[in-house]
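Structure, as C-alpha cells:
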Amino acid sequence: CIESWVTRVAAIAAREWPNLTGPSVEIRLELPNFANWKSSSKTSESIAFEDLSIAVDAGTSSISLIIPEGYLQKFGTPKNVAEKDVVAALLNGVARLAGSQLSNEKCLILTREITRNDDARFFHIVLARNVEQILAEVGRAKPLFIREEDFTLAYQGVADLVGRPEKTKEIVGRDACLDFLEKTVNKVWERIEAKLKTFDRATVVLSCFKALEEIERDDTSWNMTARSQFALYDDKENVHEVFQDRRSDRAKASVCNRLIIETAQYACASNGGRFFTEADHLTILADMTLLIFLANHRDVIAGGFMAAKIGIVPNGELDVDERFYAKVFSRYLTKRSRAANEQAIADYESYFPEINEPEEESDGLENALDEFDKIFIPEFGFGVRLVIKAKNMFREMAISTEIPGGALNEEVMLMFLRVCGFTPPETEAFLNCFTLPIRSAWNKDLPAGCREYDVYPWRHRRQLSLLSRPLVQLSS
C-alpha cells in the first residue's frame, strides 16, 4: 500500500518541488508496538483511535511515516479516507524536506490529484466472509493455474494417440471428425488414468482440495478489490481483460481439479501409491485441460458451429476453425465477465456491514422450509434443516480446529452426523446422497441412480460429480 502510493507521490513531488536536493528520499514505515497488535478487526474496534504522524530528518533526507494500531480503524470503511491521509502525510513530509510549507488547501488538491477518487485504494481491512478467509495463511492466495508450457507439452503429438491419416494431413466430414476426436479424447482420458494409478488416492484428493481452496481465496480477493482496481487505472478495457483472464484461469483450474478428484476415485491406488507432488499435479492438470479442450471441439462440430475439418500440424497438434470461439463464445464469456465485474464493484459495501444489524424475522423462513421439506424428505430421506445444521457445524468445526479441510474416519463422521441430529436411517441416506464413492473402474460400482454418462468428464449436471457429491470417500 505505502510503496504503491509513494510511486505516485514521487511524480508529483518532482514537479512541485524541483529544488529538492539529494539523489533520493528514504521513506520509513514505523508501526509502534507492532508485536502486540491484534489481527482481528473485532478486537481492534475496542482500541482507542490514534492518528498517524510523520517525522522528517533533513540530515538523512528521510521521512518516517508512523502508523499506530489505533489508526487501522480508518481503513475499515468503503472509502479510501485512510490512504488519502497517508498520501497527504507523505506530501507534507516532502514539502518539509524541500524547506517549504504546504497549505491545507494545496495539500488537498495534490492529494486529490494523486488518489483520483474515493474508491482508489491498495489496502483493505474487511470482515472475513467464509472459512477460507478466516483460516487463510498470511499473504495472498497462491492458486495453482494450468501453465502454458505444461499444456503445450501435453498437446504435442496428440494426433498420434490414435494415428494420423496415412495419405492426407486433414480429416474432413462430420462423422470422421467426431470419430477421430472421440477416440483421441478417450486416449487422453486413459493417459490420465494411467498416470493417476501410481499415486496414493488420499494425497491426490487432499492436494486438489487445497488447490480449490486457494482458487476460492483468489476469487474472493479479486472480487473484493474490483472497485478499487477500476478506480485506480484509466484503461478500463485493460482492467476488464485482466479480470477476465484471471477468471478464466480460475475456472479452468477449478474444473480440472474437481475432475482429477473424480477420476482418482477409481484410478488411484488405495494405499502404497506415490506422493502427489506439485509437478505431478501440474502435469495432470494440463492433461485434463487437454481432454476438455478436445471434447469441446467435438461438441462444437457435432452442433454444427464449427466446420467439420481437422488439420494435423507436424508436431501432432490439431488445427480447427476457431471462428465460433472467437466470434460467439468469446463474446458470451466477455459479457458474463463484465457482468461479474459490475456485480463485484456494486458489492464492495457489503464487506463493511453495520455493527449490531437487526436480525431478520425467521417466521417466513421457517414456513418456507416446512413447505420445502414436504418435497425434499420423501425424495432424499432427510430434511433440509439437517443439511443446513451439518453445513454450519462443519464450518464451526473448521474454525474451532483451525483446519479448513481434511479427512474424517468413519467413526468420527457418524458421530458428527449424530450430533447434528441425524437418525441412523437419515445418516445412511445423507451419506449415500453426498458421498463420492471409491470404484473399481470408471464404469463399475456406480451408486444407485447413476449411469455411465455420469462419469464422462465433459458432461454437465452429472450425478457423479464433486459438485453433486462433495464428501469424498478415501478408503473402504
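Residue numbers start at 1 and run along the sequence shown.
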Where at least one partner belongs to residues 224-238, residue pairs that pass salt bridge (charged side-chain N to carboxylate O under 4.0 Å, His left out), sequence neighbours excluded: R116-D234, D119-R227, R227-E349, E237-R338

Would you list the atom pairs, donor with acceptor, under 3.5 Å between side chains in residues 465-474 and any protein atom, with sequence neighbours excluded?
unit_1 : atom_1 : unit_2 : atom_2 : d
S465   : OG     : R462   : O      : 3.2
S465   : OG     : S468   : N      : 3.2
S465   : OG     : S468   : OG     : 3.2
S468   : OG     : R462   : O      : 3.1
R469   : NE     : Q463   : O      : 2.9
R469   : NH1    : N432   : O      : 2.8
R469   : NH1    : T435   : O      : 2.9
Q473   : OE1    : I438   : N      : 3.2
Q473   : NE2    : S475   : O      : 3.1

Can D218 and R247 be counted as an ion pair, charged N to O under 4.0 angstrom? no

Flag the pair K183 and D179 as a salt bridge only when some basic side-chain nitrogen lies within less than 4.0 angstrom of an acidic carboxylate oxygen. yes

Is a donor from one side chain sitting under 3.5 angstrom from an acceptor on the other, for S4 and R8? no

Mind listing the closest non-hydrogen atom pair of R121 and L232 along with its distance? O-CD1, 3.6 Å

Is K309 atom NZ crowded by more than 12 heavy atoms from other residues, nucleotides or ligands, each under 6.0 Å away? no

To the nearest 0.5 Å, what is the distance between CG on D150 and CD1 on I284? 11.5 Å

Between the side chains of T334 and Q244, does any donor sit under 3.5 Å from an acceptor? yes

Distance check, rounded to the nearest 0.5 Å: L417 atom CG versus E428 atom CD? 12.0 Å

Please report the C-alpha distance between H281 and F199 in whole Å, then the side-chain angles of each, then the deciding distance to 0.1 Å, and finally whether the ring-ring contact (aromatic ring centres under 6.0 Å, His included) criterion is met. CA-CA 11 Å; H281 198 162; F199 298 109; 10.0 Å; no

In terms of side-chain geometry, is the basic nitrogen of E262 or R258 positioned less than 4.0 Å from the acidic oxygen of its partner? no

Give every residue pair that meets the ring pair (Phe, Tyr, Trp, His ring centres under 6.0 Å) criterion with at least one member in residues 295-317, sequence neighbours excluded. F293-H297, H297-Y325, F305-F324

Between F380 and F430, ring centroids under 6.0 Å: no

Spacing of L153 atom CG and L290 atom CG [to the nearest 0.5 Å]: 11.0 Å

R274 atom CZ, neighbour heavy-atom count above 12 within 6.0 Å: yes

Atom CD of residue position E149 - does it have more than 12 heavy atoms of other residues, nucleotides or ligands inside 6.0 Å? yes

To the nearest 0.5 Å, what is the distance between CZ on F422 and CG on L431? 8.5 Å

So, for A226 and A344, which heavy atoms are closest and what is the spacing to 0.1 Å? CB-CB, 3.8 Å

